[in-house]
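What follows is a single structure, written as structure tokens, with notes after it.
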Number of protein chains: 2
Amino acid sequence: MSGNKDSDFKNPLFTVDSVLFTVIDKELKVLLVKRASEPYIGCWALPGGFLDIDIDHSADMTALRKLKEKTNVAPQYLEQLHTYSGLARDPRGYSVTLVYYALTSAVEASTHIETVDDAKWVSIEELDILPIAFDHKHIIEHAQQRLKQKALYSMVPIYCLPELFTIGQFKSVLEAILGKPVQRKTIIRRIDAADILEKVDEKIKSGGRLAHLYKVKPNVDIVNFERNLSY
Amino acid sequence: MSGNKDSDFKNPLFTVDSVLFTVIDKELKVLLVKRASEPYIGCWALPGGFLDIDIDHSADMTALRKLKEKTNVAPQYLEQLHTYSGLARDPRGYSVTLVYYALTSAVEASTHIETVDDAKWVSIEELDILPIAFDHKHIIEHAQQRLKQKALYSMVPIYCLPELFTIGQFKSVLEAILGKPVQRKTIIRRIDAADILEKVDEKIKSGGRLAHLYKVKPNVDIVNFERNLSY
DNA sequence: CAAATAGTGTCTTTAAGACACTATGCC
DNA sequence: GGCATAGTGTCTTAAAGACACTATTTG
């Protein structure tokens, strides 16, 4: 029953946050911003904020808008993770936070991030030594787990890559996400089966033999495979 | 950034709804309740309502509480589906609804439902001919799709079954969810591999040879398989 | 030529699909 | 016995893992 007569409820505060991932130097990174106000002032937190009903057609817009403020670009992939709620998560009172997870290519987003000092890419290991606000460390772990799962059965990790990329780069991204080696052969087979990438008529140097460049075909959907990579 | 100083935003109305599934007579059914007030008075809608910050420790509690009001039992399985938001979904204004999907065994829930006339099990085909409130038809389709996906790679459909059940019943549930036949052999292999069910020392008649009864082992987690059933 | 990375060939392994077969209960 | 459902055996098929092999580029 969406909505009732009796809307004179204490309505909880509703916010939207995002866990934006990318892979830099074969390491999985998360975008965090430094809090400028209490509580948790000076701590690092997920980018996000209040849904503005006048400009955000939906919560997706809120997530994109807040991410754009920090990175100056829209992430290549955005999906809802979970909605967290309760009294204990924020000292100011009962809160409800819709969290997204998102993927972007490092090159596009990083130019802008490097110019500001209240936002940075944080590697997963760094999370243990940085002060993280609210329950955001827990949320990031949850998001990482979900991304890992998604990497096992879909092509979504390509959205951590720039428009043109090589199989070797894709392999690095997958290995950063999964935390374990992946066979080149398996990746090639999946690229073949998914049929959502096309070879670009261009090659790039990579330390050895020149590598083919690939890009995502226009207007393709996410493809799920019937079989996972092994855990 | 969960929360800010400036909480003087027009906060959207936040509600929690659930898509409760079960399988009755080899048909997938959804629990709907008849709306008693405007808008969409007399139409059928998903059970749900406002989060009560005084009694709901989290949104999960809201979903469970509202479902218990209608069925008198807690569903065996509950998971977040998606959060829907926007201006167009409710004529009264901008709304944000966290939707869960849930599974229950028909026998436990149905006794109570049959005593009230504002709640009933609706089969998926019936959705086209019943008047459905808000965007709930779309939400149910989304939930059904997700349940289907989940049935391909996990054991969650067992939560549509009573405590003790046979492989034949499990097969019926799977087939109702997937809308296509499934091999008994495949189910048996999965039960074996998942190792979360145990044979009960009891058999039940089923029209032919007596069937073994199974139950879920205590304190087991959801198991995901590395390979899907085929689409 | 050596080192490095790109890309192929192919054998093994795992788990599902298909389907024939046996088993057991009720009429 | 005959029907219906339970349950097994086993061959086929699909796709990942392992890994050796060839190809191409730079130094």
Side-chain angles (χ1 to χ4, degrees), chain A residues 25-26 148-155 157 161 164-175 177-214 223-231, chain B residues 26 148-155 157 161 164-175 178-214 223-231:
Chain A
D25 296 338
K26 310 200 172 190
K148 221 173 198 168
Q149 197 58 33
K150 203 101 185 176
L152 293 177
Y153 65 83
S154 82
M155 297 285 282
L161 292 164
L164 299 181
F165 57 89
T166 67
I167 291 174
Q169 290 171 326
F170 191 13
K171 181 168 183 285
S172 294
V173 164
L174 266 178
E175 292 178 338
I177 292 171
L178 296 176
K180 71 174 210 59
V182 177
Q183 299 265 332
R184 290 181 65 81
K185 187 72 197 207
T186 302
I187 296 173
I188 292 168
R189 280 194 285 227
R190 287 199 152 196
I191 288 176
D192 230 54
D195 194 36
I196 62 166
L197 299 184
E198 59 187 3
K199 261 186 193 157
V200 172
D201 199 23
E202 198 182 339
K203 297 186 180 186
I204 203 174
K205 64 174 189 287
S206 61
R209 172 178 170 178
L210 298 189
H212 270 111
L213 283 172
Y214 288 79
V223 176
N224 292 337
F225 299 102
E226 295 201 6
R227 186 165 165 185
N228 285 356
L229 303 177
S230 45
Y231 296 122
Chain B
K26 310 199 172 193
K148 222 174 198 165
Q149 197 58 33
K150 203 99 185 175
L152 292 177
Y153 65 82
S154 82
M155 297 284 282
L161 292 163
L164 299 181
F165 57 88
T166 67
I167 291 174
Q169 290 171 328
F170 191 14
K171 181 169 185 283
S172 294
V173 163
L174 266 178
E175 292 179 338
L178 296 175
K180 73 174 209 59
V182 177
Q183 298 264 333
R184 288 182 64 83
K185 186 74 196 203
T186 302
I187 296 174
I188 292 169
R189 281 194 284 227
R190 285 199 153 195
I191 288 176
D192 229 52
D195 194 35
I196 62 168
L197 299 185
E198 58 186 5
K199 260 185 193 157
V200 170
D201 198 23
E202 197 182 339
K203 297 186 179 186
I204 203 174
K205 65 174 187 287
S206 61
R209 173 178 169 177
L210 298 191
H212 271 112
L213 283 173
Y214 287 79
V223 175
N224 292 337
F225 299 103
E226 294 200 7
R227 187 166 167 185
N228 286 355
L229 303 177
S230 45
Y231 297 121

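Convention: sequence-line order gives letters A, B, ...; per-chain numbering from 1.
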Whole-Å distance between [N] [atom2] and [X] [atom1]?
X         : N       : atom1 : atom2 : value
Lys171(A) : dG17(D) : NZ    : P     : 12 Å
Phe170(B) : dG7(D)  : CZ    : C1'   : 16 Å
Ile204(A) : dA4(C)  : CD1   : C1'   : 16 Å
Phe225(A) : dA16(C) : CZ    : P     : 19 Å
Asp192(A) : dG7(C)  : CG    : C1'   : 12 Å
Ile187(A) : dT5(C)  : CD1   : C1'   : 14 Å
Asn228(B) : dT14(C) : CG    : C1'   : 14 Å
Glu226(B) : dA16(D) : CD    : C1'   : 9 Å

(request) Any chance you could measure Met155(A), atom CE, to Lys150(A), atom NZ, to the nearest 0.5 Å? (result) 14.0 Å
(request) Could you grab the distance from atom OH of Tyr153(B) to atom CG of Asn228(A), nearest 0.5 Å is fine? (result) 9.0 Å
(message) Quick check on DNA chain D: between Ile188(B) and Arg227(B), whose nearest nucleotide comes earlier from the 5' end?
(response) Ile188(B)
Any [X] side-chain N or O less than 4.0 Å from OP1/OP2 of [N]:
X         : N       : value
Thr186(A) : dA16(D) : no
Arg189(B) : dA15(C) : no
His212(B) : dG7(D)  : yes
Ser230(B) : dG17(C) : yes
Arg190(B) : dA15(C) : no

(request) Using the closest heavy atom to pick a nucleotide of DNA chain C for each, name whichever of Ala211(A) or Leu229(B) lands nearer the 5' end. (result) Ala211(A)
(message) Suppose we screen for side-chain hydrogen bond (donor to acceptor under 3.5 Å, both in side chains). Which residues come up paired with Asp25(A), at least two apart in sequence or across chains?
(response) none
(message) Walk along nucleotides 19-27 of chain C from 5' to 3' and tag each nucleotide B, S or - by protein heavy-atom contact under 4.0 Å, base first, then sugar-phosphate.
(response) B---BBS--
(request) Mind jotting down which residue pairs meet the salt bridge (charged side-chain N to carboxylate O under 4.0 Å, His left out) criterion with at least one end in residues 189-198 of chain B? Sequence neighbours excluded, please. (result) Asp195(B)-Lys217(B), Glu198(B)-Lys215(B)
Can you tell if the side chain of [X] reaches within under 4.5 Å of the side chain of [Y], non-hydrogen atoms only?
X         : Y         : result
Ile204(A) : Thr166(A) : yes
His212(A) : Ile167(A) : no
Ile188(B) : Gln183(B) : no

